[in-house]
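See below for the structure under consideration.
The sequence lines fix the lettering, A, B, ..., with proteins before strands; numbering per chain opens at 1.
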Amino acid sequence: MQLYQTQELRVHNSLSGKKEPFVPLKDGYVGMYVCGPTVYSNVHLGNCRTFMSFDMVFRYFKHLGYKVRYVRNITDAGHLENDADEGEDKIAKKAKLEQIEPMEVVQRYTVDFHNTLQKFNLLPPSIEPTATGHIIEQIEIIKEIIEKGYAYEINGSVYFDVVKFNESNDYGKLSGRKLEDMIANTRELTAQDEKKNPQDFALWKKAEPQHIMRWPSPWGDGFPGWHLECTAMSTKYLGETFDIHGGGMDLKFPHHECEIAQAEASTGKSPVRYWLHANMLTLNGKKMSKSTGNNIYPAEMISGDNDILSKPYSPAVVRFFMMQAHYTSILDLSDDALQASEKGYNRLMEAMDSLGGLKTGGTSNFDVNNWRQKCYDAMNDDFNTPVLISHLFDAVKRINLIKEGQQSITEDDKALLKSTMEAFVYDILGIENQSALNDDSNTLDGVMELLIQLRNEARANKDFATSDKIRDDLNALGIQIKDGKDGTTYSLN
RNA sequence: GGCAUCGUGGCCGAGUGGCUAGGCACAGCUCUGCAAAAGCUUGUACAGCGGUUCGAAUCCGCUCGAUGCCUCCA
């Protein structure tokens, strides 16, 4: 018996705009595709939020007992900088700027991407395919689309015929747009545009002689278009129809809309059953943007080397902060909000640390089973991590009460509470306990035990000058002394 | 300009047609030698203006504002 058989998960499907019961294509298996980064610069924090949201989704599916194949691509072929004919792809542009090979750019920023995600404790996906590794597959799809009559070749480039497609299909169903409206609002056609219609998009672009990234094709040397790689790779590894497709809100149009069109044109089937979109991260209430300086890189945040925040924040605190908001809501990052989260995070982790040492008794004042199901209910409701966290804090309160001897818990309930807390905090939310990670020295424990003992002796002798000196000086070092009912403990700040 | 999403107490952030989300901050109390930690108690929030309803912050309309997309972008 797997958990998914008893827990009824509902997800917000962008295609219908509603929460729907999640039923996978194949019982017990989930296929999930998430649009990965274009590796032409360092990942920024907004990217991280999106990938973190889907990491949490991935983790929850796994926790429920599904076998999950999670595919997240690396876009290393570059995309056009602009829509003009002489458009240059981003990666080639960066390569020229830095006087290095395009693949050097790709390598450098792929490494940065992986390092950063690892800091935030993201699990690696099951498959991480690259666009350049799937040129052949992309060419095959283009052939298929041409054959079906939804694409045309001109001057060595191939374009998707959106108007034609819209006659038999619904282009715009994901983003809630109508082709007629789009046509009505279009800016003037540039004179040299090869496209029949401004809404058409490139499947294959002819490479000009100076273009470095190029591959042979039936239409001459060129490179694949904007949206094709995701269709090629998702189809290859997950099938023509699969369960979940995720990505940032900003990809909804045109990227995801075009993916649907490409897949429906080539296979005649709707590619995705549930579209999930993660919302944006703003900084101090405004869009993150490199050009205005309203931007912060993960590394700068962790090191504290930035002009925006008052202090460094650990990746675990940042993750906790992000999990306190629902993935479909815009989240605003600010120093105040992070400070509040940091304190909440510390309180949660201290409860986690004291869980194991809790004294048990003959009765429980805490209905652990009922509480546990509330946690699942929160997650089952479209991965509602903020509500889950509110329940986790209910447990924190209980843990502290039991610790203070004001309430009691049975051995069985304690075991269930502990395993449930660990599952939700560590496995599902992916929040690491950094106090536990750093606490690798038995020496420190020994020294602290000695100091606590000396302080207590001083207090017993009413030598408060000495006891306060120990307490205050330790505090200055970032070590907090805590006097509880059952003796004194300490924690590192 | 068009489309979409959203506007919640000092800050962040859930949620629902009538029943306390939660975190942080603040105040009072308990505990303490004094503190800290922990616990308890208190906050008459739901952008504005109308409307529907026995009842709306939750539904509808309008206004204002924010964010995203409309050209690559998580």
For [N], does either OP1 or OP2 sit under 4.0 Å from a side-chain N or O belonging to [X]?
{"X": "A/Asn279", "N": "B/U5", "result": "no"}
{"X": "A/Arg347", "N": "B/A37", "result": "no"}
{"X": "A/Ser53", "N": "B/A74", "result": "no"}
{"X": "A/Lys252", "N": "B/A4", "result": "no"}
{"X": "A/Lys397", "N": "B/C40", "result": "yes"}

Check: A/Asn279/A/Thr328 side-chain N/O donor and acceptor closer than 3.5 Å = no

Nearest-neighbour nucleotide for the [X] side chain, [options] considered:
{"X": "A/Leu281", "options": "B/A74, B/C34, B/U67", "value": "B/A74"}
{"X": "A/Phe393", "options": "B/A74, B/C11, B/G22", "value": "B/G22"}
{"X": "A/His255", "options": "B/C73, B/C3, B/A14", "value": "B/C73"}
{"X": "A/Asp250", "options": "B/C73, B/G15, B/C70", "value": "B/C73"}
{"X": "A/Gln480", "options": "B/A37, B/G22, B/A35", "value": "B/A37"}
{"X": "A/Ile330", "options": "B/C24, B/U32, B/U67", "value": "B/U67"}
{"X": "A/Arg455", "options": "B/A37, B/C34, B/A21", "value": "B/C34"}
{"X": "A/Phe51", "options": "B/A74, B/G23, B/G15", "value": "B/A74"}

[N] - base-pair partner by Watson-Crick or wobble geometry, distances under 3.5 Å:
{"N": "B/A57", "result": "none"}
{"N": "B/G7", "result": "B/C64"}
{"N": "B/G43", "result": "none"}
{"N": "B/C31", "result": "none"}
{"N": "B/C69", "result": "B/G2"}
{"N": "B/G22", "result": "B/C12"}

inquiry  = Within 45 degrees of the ring normal and closer than 6.0 Å to the centroid, is that where the cationic atom of A/Lys173 sits relative to A/Tyr171?
reply    =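 So A/Lys173 doesn't make the cation-pi contact.
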
ask   = What about A/Asn400, does its side chain sit under 3.5 Å from the base of B/A37 through a donor-acceptor pair?
value = no

inquiry  = At a heavy-atom distance below 4.0 Å, what parts of residues 463-472 of chain A sit against RNA chain B?
reply    = A/Phe464, A/Ser467, A/Asp468, A/Arg471

What integer distance in Å separates [X]:[atom1] from [N]:[atom2]?
{"X": "A/Lys359", "N": "B/A38", "atom1": "NZ", "atom2": "P", "answer": "19 Å"}
{"X": "A/Gln324", "N": "B/A21", "atom1": "CD", "atom2": "C1'", "answer": "12 Å"}
{"X": "A/Phe320", "N": "B/G23", "atom1": "CZ", "atom2": "P", "answer": "10 Å"}
{"X": "A/Phe253", "N": "B/A74", "atom1": "CZ", "atom2": "C1'", "answer": "18 Å"}

Going by an N to O cut-off under 4.0 Å, is there a salt bridge joining [X] and [Y]?
{"X": "A/Asp463", "Y": "A/Arg459", "result": "no"}
{"X": "A/Glu432", "Y": "A/Arg319", "result": "no"}
{"X": "A/Asp381", "Y": "A/Lys19", "result": "yes"}

key: Candidates A/Tyr70, A/Phe51, A/Phe383 - the one meeting ring pair (Phe, Tyr, Trp, His ring centres under 6.0 Å) with A/Phe58   =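 One option only clears the test, and that one is A/Tyr70.
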
ask   = Taking the side chain as C-beta and beyond, is there a heavy-atom pair between A/Leu474 and A/Met448 under 4.5 Å?
value = yes

ask   = Would a line drawn from the ring center of A/His256 to the ring center of A/His277 be shorter than 6.0 Å?
value =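 Yes, they do, as the ring centres are separated by less than 6.0 Å.
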
